[in-house]
Amino acid sequence: MHGALPREFYIDDPAEVARRLLGKVVVRKLGSTLLSGRIVETEAYYGYKDPASRAFKGRKVYNSSMFEEQGRLFIYMVHSYWLLNIVAHPEGKVGAVLLRALEPLEGIPAMKVNRGVEEVRDLMRGPGRLTRALNVINDLNGLDITDVKCPLVIIDNGSDVEKIGESHRIGVTSDLPLKLRFYVEGSRFVSR
DNA sequence: AGGAAGATCTACT
DNA sequence: GTAGATCTTCCTA
């Protein structure tokens, strides 16, 4: 099964969507340049009841996309890096999936320029690194990635993930008693 | 208007 | 393994 993932793909518990996104491919269109990478690491975030979530303290201007339609982008900044999330939750809920690491596929020379590093392994190994590599900033916030006109889409290229690893989320000050980080076991491109 | 926090990264020892 | 850079948003006044 090929092509862009439909909205229904994102209408589910964020942890489920986070698992299902592993192995899918992010395609970033920059004019005539095409950058892409395979998702190898994700994290799930919930709404009001998740102390690590940007939605924990309620709806604000900057986090409003997280409360909206599934399949939209939610981008926000921490420590001078933009982080890339996909809005995902059951109908009527709030949640998102953070993309934490991608395995570079197409457009590697451009990624090296964007990142200022040569080492392919380090191009998108980390949530702040991958947005730099793909030239993602908050002007993409709120865009609908199920729309073919979107300059960033996620497709299924049919590749399967052998085994999914789980751990607690990274870098959060107060985590839930759940393992909400998911990664492709054995991949060299996960952040740790 | 000012200070502090944060889902990070890099460079250094 | 630890320190410092970085910058947007929030909170208090």
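Chain naming here is simple, since letters A, B, ... match the order of the sequence lines and numbering starts at 1 in each.
At a threshold of 4.0 Å, the pair A:Glu69-A:Arg7 counts as salt-bridged, since one of the basic side-chain nitrogens sits closer than that to a carboxylate oxygen. Ion pairing between A:Arg100 and A:Glu41 holds under the 4.0 Å rule for side-chain N and carboxylate O.
Side-chain nitrogen and oxygen atoms of A:Tyr76 include none within less than 4.0 Å of the OP1 or OP2 phosphate oxygen of C:dT9.
Between C:dT6, C:dC10, B:dA7, one nucleotide has an atom nearer to the side chain of A:Phe74 than all others, and that is B:dA7. With B:dT8, C:dC11, C:dT8 as the candidates, the nucleotide lying closest to the side chain of A:Lys57 is C:dC11.
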Before you tell me yes or no, could you show the steps for A:Glu68 and A:Arg59 under side chain to side chain contact (heavy atoms under 4.5 Å, CB included), namely the whole-Å CA-CA distance, both residues' side-chain angles and the distance that decides it to 0.1 Å? CA-CA 10 Å; A:Glu68 292 178 14; A:Arg59 182 170 182 145; 2.7 Å; yes
Where do A:Phe9 and A:Lys24 land on the side chain to side chain contact (heavy atoms under 4.5 Å, CB included) test, with the steps shown first? CA-CA 12 Å; A:Phe9 184 93; A:Lys24 302 299 183 287; 4.1 Å; yes
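Judged by a 6.0 Å distance limit and a 45° cone about the ring axis, A:Arg54 is not positioned over the six-membered ring of A:Tyr45.
Among the heavy atoms of the strands lying under 4.0 Å from A:Arg54 is at least one base atom, whether or not backbone atoms are also near. Using a 4.0 Å heavy-atom criterion, one finds that A:Tyr81 contacts the bases of the nucleic acid, with or without backbone contacts as well.
Between the CG atom of A:Asn63 and the P atom of C:dT8 there is a distance of 17 Å, given to the nearest Å. Taking atom CZ on A:Phe56 and atom C1' on C:dT9, their separation rounds to 18 Å, with Å as the unit. One interatomic measurement links the two molecules: CG of A:Asn138 to P of B:dG6, which rounds to 21 Å at whole-angstrom precision. Whole-Å rounding puts the A:His79 NE2 to B:dT10 P distance at 14 Å. The interatomic distance linking A:Trp82 (CH2) with B:dT8 (C1') rounds to 14 Å, in whole Å. One interatomic measurement links the two molecules: CE of A:Met77 to P of B:dA7, which rounds to 13 Å at whole-angstrom precision. Rounding to whole angstrom units, NZ of residue A:Lys60 and P of B:dG6 are separated by 14 Å. A:Met66 places its CE atom 11 Å from the P atom of B:dA7, with the value rounded to the nearest Å.
Atom NZ of A:Lys112 sits in a crowded spot, with more than 12 heavy atoms from other residues, nucleotides or ligands closer than 6.0 Å. Around CD of A:Glu162, the count of heavy atoms belonging to other residues, nucleotides or ligands within 6.0 Å does not exceed 12. Annotation: A:Lys57, atom NZ; neighbour count of heavy atoms from other residues, nucleotides and ligands within 6.0 Å does not exceed 12.
Put simply, the residue from A:Ile170, A:Asn85, A:Leu99 that forms a side-chain contact (heavy atoms from CB on, under 4.5 Å) with A:Glu43 is A:Ile170.
Only A:Arg115, A:Gly126, A:Pro127, A:Gly128, A:Arg129, listed by number, bring a heavy atom of residues 106-130 of chain A to less than 4.0 angstrom from any atom of DNA chain B.
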Under a 3.5 Å cutoff on both atom distances, Watson-Crick or G-U, what's the dot-bracket for DNA chain B ([ ] crossing, | other strand)? ||||||.|||||.
